[in-house]
Amino acid sequence: MRMLLIHSDYLEYEVRDKALKNPEPISDEQRRGRLEEVLAVFTSVEKVDETNPDEVVEKAVAEIKDVASQVKTNRVFVYPFAHLSSELARPDVALKVLQKVEERLKEEGFEVKRAPFGYYKAFKLSCKGHPLAELSRTVVPSGEVVS
Ligand SMILES: C[C@@H](O)[C@H](N)C(=O)N[C@H]1[C@@H](O)[C@H](n2cnc3c(N)ncnc32)O[C@@H]1CO
């Protein structure tokens, strides 16, 4: 799993067209979303993650918690983003992984939004620009190598 973590004044999105034949079903209210003072986590779930999705979820949550504590926010925006890897996991696996990351972060006490999966989306992002505002992390199941 590849993550680009941007500490932001805000992140907002608006759903546009379907990018998959069967995108995640969403309600009207999920067509737009915005969070302020947020750690935006743009995430590509990778083929290698399919060997142990549950472990990758835990590793990703640990990384997100670490960065969130460094930038002092408890708000996280999980954003599916298929552009950080050339070896993407199947959509059905990727969606489950991202749903689980959202669920586990909430269990850890974070305020979390997750952008809808399987769509083209317009988005606006205001990066804070401090030294820790732009970070990337890669997590893979144990025993796998980062390509
Ligand atoms: C397109 C661009 O504007 C938008 N931002 C987009 O990326 N849409 C992606 C993700 O929401 C999701 N998706 C599919 N596979 C994956 C995966 N392995 N990991 C993460 N997301 C995935 O399906 C869409 C098409 O790949």
Side-chain angles (χ1 to χ4, degrees), residues 1-68 71 73-108 110-129 133-147:
M1 181 190 287
R2 308 266 171 167
M3 295 182 280
L4 174 62
L5 304 101
I6 309 285
H7 189 204
S8 307
D9 300 310
Y10 66 86
L11 168 60
E12 64 182 37
Y13 74 83
E14 184 175 355
V15 166
R16 291 284 196 270
D17 298 335
K18 292 182 178 181
L20 291 177
K21 200 151 86 12
N22 300 307
E24 175 185 12
I26 54 171
S27 63
D28 285 349
E29 64 167 350
Q30 285 175 293
R31 296 194 65 80
R32 295 164 181 253
R34 176 185 171 98
L35 274 181
E36 321 243 333
E37 296 306 313
V38 64
L39 180 61
V41 184
F42 295 91
T43 307
S44 287
V45 183
E46 297 187 284
K47 203 90 192 124
V48 67
D49 302 327
E50 293 179 2
T51 59
N52 195 337
D54 289 342
E55 184 187 11
V56 158
V57 166
E58 290 313 313
K59 288 186 171 184
V61 168
E63 291 293 343
I64 293 167
K65 280 175 70 177
D66 174 50
V67 173
V71 301
T73 182
N74 83 324
R75 233 178 253 152
V76 179
F77 216 135
V78 178
Y79 198 101
F81 200 71
H83 312 283
L84 302 178
S85 172
S86 55
E87 291 169 13
L88 293 174
R90 300 193 327 258
D92 58 308
V93 172
L95 175 55
K96 282 200 189 79
V97 165
L98 294 171
Q99 288 170 323
K100 193 89 178 122
V101 167
E102 175 190 14
E103 182 191 316
R104 290 283 301 106
L105 286 169
K106 286 178 177 172
E107 285 169 1
E108 298 287 324
F110 287 89
E111 182 184 343
V112 188
K113 271 191 187 291
R114 180 174 57 81
F117 185 95
Y119 296 91
Y120 295 105
K121 293 178 285 298
F123 71 89
K124 290 184 184 146
L125 175 71
S126 170
C127 172
K128 285 184 176 288
E134 300 161 282
L135 297 170
S136 61
R137 292 284 190 276
T138 298
V139 294
V140 294
S142 308
E144 298 289 346
V145 294
V146 177
S147 55

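In this chain, numbering begins with 1 at the start of the sequence shown. Note that this is a predicted model, so its numbers are computed, not measured. Just so you know, ligand 1 is whichever comes first in the structure, and atom 1 is the first atom listed for that ligand.
- Residue-to-ligand polar distances place Val45 within reach of ligand 1: an N/O pair is separated by less than 3.5 Å.
- The nearest protein atom to atom 11 (O) of ligand 1, hydrogens excluded, is given as Gly118 N, 2.9 Å; this is a heavy-atom distance.
- When hydrogens are left out, the protein atom nearest atom 17 (C) of ligand 1 is Ala94 CB, 3.6 Å; that is the closest non-hydrogen contact.
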| request: Would you check, one step at a time, whether the test salt bridge (Lys or Arg N to Asp or Glu O under 4.0 Å) holds for Lys106 with Glu103? | output: CA-CA 5 Å; Lys106 286 178 177 172; Glu103 182 191 316; over 6 Å; no

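- The distance from ligand 1 to the heavy atoms of Pro80 drops below 4.0 Å at these ligand atoms: 5 (N), 7 (O), 10 (C), 11 (O), 21 (N).
- We find the CD-CG distance between Glu55 and Asp49 to be 10.0 Å, quoted to the nearest 0.5 Å.
- One distance of note links CD of Glu63 with CE of Met3; it measures 5.5 Å at 0.5 Å rounding.
- Among protein heavy atoms, the minimum distance from atom 25 (C) of ligand 1 is reached at Ala19 CB, 3.7 Å.
- Looking only at distances, a side-chain donor or acceptor of Ser44 sits under 3.5 Å from a matching main-chain atom of Phe81.
- When only non-hydrogen protein atoms are considered, atom 15 (N) of ligand 1 lies nearest to Phe117 CZ, 3.8 Å.
- Closest to atom 4 (C) of ligand 1, if we only count protein heavy atoms, is Tyr119 O, 3.5 Å.
- In terms of N/O distances under 3.5 Å, ligand 1 is approached by Ala89.
- In this structure, the protein non-hydrogen atom closest to atom 7 (O) of ligand 1 is Ala82 N, 2.8 Å.
- Of all atoms in ligand 1, numbered sequentially from 1 with element shown, those under 4.0 Å from a heavy atom of Leu20 are 23 (O).
- With respect to atom 1 (C) of ligand 1, the closest heavy atom belonging to the protein is Tyr120 CD2, 3.5 Å.
- Less than 4.0 angstrom separates some heavy atom of Phe81 from each of these atoms of ligand 1: 5 (N), 7 (O), 20 (C), 21 (N).
- Crowding of Lys128 atom NZ: a count of heavy atoms from other residues, nucleotides or ligands under 6.0 Å exceeding 12.
- Residue contact check: Leu88 has heavy atoms under 4.0 Å from atoms 18 (N) of ligand 1.
- For atom 20 (C) of ligand 1, the closest non-hydrogen atom of the protein is Thr43 O, 3.4 Å.
- Remark: the backbone N or O of Arg90 is paired with a side-chain donor or acceptor of Glu50 at under 3.5 angstrom.
- Between Arg75 and Glu37 no salt bridge is recorded (no basic side-chain N to carboxylate O distance below 4.0 Å).
- Contact annotation: for His83 versus ligand 1, heavy atoms closer than 4.0 Å belong to the side chain alone.
- Between the CD atom in Glu36 and the CG atom in Leu11 there is a gap of 10.5 Å [rounded to 0.5 Å].
- Panel note: side chain Arg16, backbone Ala122; no donor-acceptor pair is recorded below 3.5 Å.
- Stacking of Lys113 on the aromatic ring of Tyr13 is not recorded, the 6.0 Å distance cut-off and the 45° axial limit not both being met.
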